[in-house]
Amino acid sequence: MTTPPSMFHTVLGDGFDRLHPELRRRFSVGLASGEACTGRGVMDRIWHGPVYVKPFLALGATRNILVPRAGRDVPFLIENVPYTDTFGRETVSFVRTFDLPGGPRRFDAQMVLSPKGDRILDYLGTHQHLASELHFAAEPDGSLLIRSGEHRFREGPVDVRVPELIGATAEVRESFDDITGRFRVRVRVVNRRFGPLFGYEGSFTVSYTDAVSRGTRPGLRPVREEARA
């Protein structure tokens, strides 16, 4: 019996087969595959924009959104664990921990498939107040490109589109280096008016575990889950 495709395979369609084989396995993580993926490595550089954007990064960091600290050669952990959320949706965690001087910093995201199955919805932070549309594309060299689309802010009855003036566009490029046997990642978050806000780049290796026996460790899931897609 054929295993149903992961949510990432679904949104990529035929493009999924163009990904490097290691990327195909990594983005096959889900309830159907029964696998969780843990990446460990080093970010060569974590950077942020001009000093006037730092207060916004610091505010986001209170809910594990973005990272207000810069650094080099920073130990890095990413946990991709599939589970069923409170509303019955398949969810895959993208919880990143950066072991910075002064204490670790987290950047949390939980991904679900959109109702139409044509994009991924990325719920950010400990309370999922921010939700972004993510668009996936396979590049000619077998790497993966992820770009964010519309952002929405949700709290109680409030459900509004984040204006481009104060919002930001994220671009993630992930590839696999056959020579080093490591995944490489580069992330840039840019505001249309203020320019580059935050980013990081580096490499990591991964290990796969049984998602059922591993379960979802305490603290991995958000404090509050958002039902609106």
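Here the structure is a predicted model, which means the values were calculated and not measured.
D122 contributes atom CG, which lies 4.0 Å from atom CE of M111 (distance to the nearest 0.5 angstrom). Distance OG/S33 to CZ/R25: 9.0 Å, rounded to 0.5 Å. Rounding to the nearest 0.5 Å gives a distance of 7.0 Å between OG of S175 and CG of D141. Here CG of L145 is found 11.5 Å from NE2 of H135. Values are rounded to the nearest 0.5 Å. Here the CZ-CG distance, from F136 to L12, works out to 7.0 Å after rounding to the nearest 0.5 Å. Here CZ of R89 is found 10.5 Å from CG of L113. Values are rounded to the nearest 0.5 Å.
Between M43 and V185, the shortest heavy-atom distance links the atoms CE-CG1, 3.9 Å. Of all heavy-atom pairs spanning V112 and Y123, the tightest one is CG2-CE1, 3.5 Å. Nearest heavy atom pair, residue P104 against residue T97, reads CB-CG2, 4.0 Å. Minimum heavy-atom separation, V29 to P82: CG1-CD, 3.9 Å. Considering every non-hydrogen atom in both I46 and R69, the closest pair reads CG2-O, 3.4 Å. The two atoms that bring S203 and R182 nearest to each other are OG-NE, 2.9 Å, heavy atoms only.
A side-chain donor-acceptor contact under 3.5 Å links S148 to the backbone of A170. Under a 3.5 Å cut-off, the side chain of N80 and the backbone N or O of S93 do form a donor-acceptor pair. The backbone N or O of R228 lies less than 3.5 Å from a partner atom in the side chain of R154, making a donor-acceptor pair. At least one donor-acceptor pair under 3.5 Å links the side chain of S114 to the backbone N or O of R119. Between the side chain of Q128 and the backbone N or O of E226, at least one donor-acceptor pair lies under 3.5 Å.
The hydrophobic clustering, which links ILVMFWY residues whose side-chain heavy atoms are closer than 4.5 Å, places L134 and V95 apart. Note: the hydrophobic cluster containing I146 also contains F183 (ILVMFWY, side chain heavy atoms under 4.5 Å, direct or indirect links). Taking hydrophobic clusters as Ile, Leu, Val, Met, Phe, Trp and Tyr residues chained together by side-chain heavy-atom distances below 4.5 Å, M7 shares a cluster with F94. Tracing side-chain contacts under 4.5 Å through hydrophobic residues (I, L, V, M, F, W, Y), one reaches V74 starting from V172; they form part of the same cluster. By the rule that hydrophobic residues join a cluster once side-chain heavy atoms approach within less than 4.5 Å of another member, L31 and L220 end up as members of separate clusters.
Annotation: side chain of H48 is not in contact with side chain of P196 (no heavy-atom distance under 4.5 Å). Within the 4.5 Å cutoff, no side-chain heavy atoms of R161 are placed close to those of H151. Residues R221 and D85 form a side-chain contact, since some pair of their non-hydrogen atoms from C-beta on lies under 4.5 Å apart. By the 4.5 Å heavy-atom criterion applied to side chains, L121 and P115 are counted as neighbours. Counting only heavy atoms from C-beta outward, the side chains of L19 and L144 approach each other to under 4.5 Å.
The existence of a salt bridge linking R24 and E22 is excluded, since no basic side-chain nitrogen approaches an acidic carboxylate oxygen closer than 4.0 Å. The pair D44-R184 meets the salt-bridge criterion, since a charged nitrogen lies less than 4.0 angstrom from a carboxylate oxygen. Comment: D108 engages R106 in a salt bridge, judged by a side-chain N to carboxylate O separation of less than 4.0 angstrom. Checked for salt-bridge contact, E133 and R152 miss the test: no charged N lies under 4.0 Å from a carboxylate O. E171 and R188 are not joined by a salt bridge, as no carboxylate oxygen comes within less than 4.0 angstrom of a charged side-chain nitrogen.
Ring to ring, F107 and F98 are not that close: their centroids are 6.0 angstrom or more apart. Under the 6.0 Å cut-off for aromatic ring centres, F16 and H9 qualify, their centroids lying closer than that.
A cation-pi arrangement, defined by a distance under 6.0 Å to the six-membered ring centre and an angle within 45 degrees of its axis, is absent between R96 and F76.
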For a side chain to side chain contact (heavy atoms under 4.5 Å, CB included) check, start with the C-alpha distance between V67 and L100, then their side-chain angles and the critical distance, and finish with the verdict.
CA-CA 10 Å; V67 177; L100 286 155; 3.7 Å; yes
Take L130 and I65, measure what side chain to side chain contact (heavy atoms under 4.5 Å, CB included) needs, and give me the verdict at the end.
CA-CA 9 Å; L130 287 176; I65 302 173; 4.2 Å; yes
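Ring geometry, F27 versus F8: the interplanar angle exceeds 60°, so the pair is classed perpendicular (tilted spans 30 to 60°).
Defined by atom type and a distance below 3.5 Å, a donor-acceptor pair is present between the side-chain atoms of T38 and R214. A donor and an acceptor atom, one from each side chain of Y200 and R186, are nowhere located under 3.5 Å apart. With 3.5 Å as the limit, one finds a donor-acceptor pair spanning the side chains of H20 and D178.
H127 pairs by the ring pair (Phe, Tyr, Trp, His ring centres under 6.0 Å) definition with H129, not counting sequence neighbours. Annotation: salt bridge (Lys or Arg N to Asp or Glu O under 4.0 Å) contacts of R26 (sequence neighbours excluded): E174.
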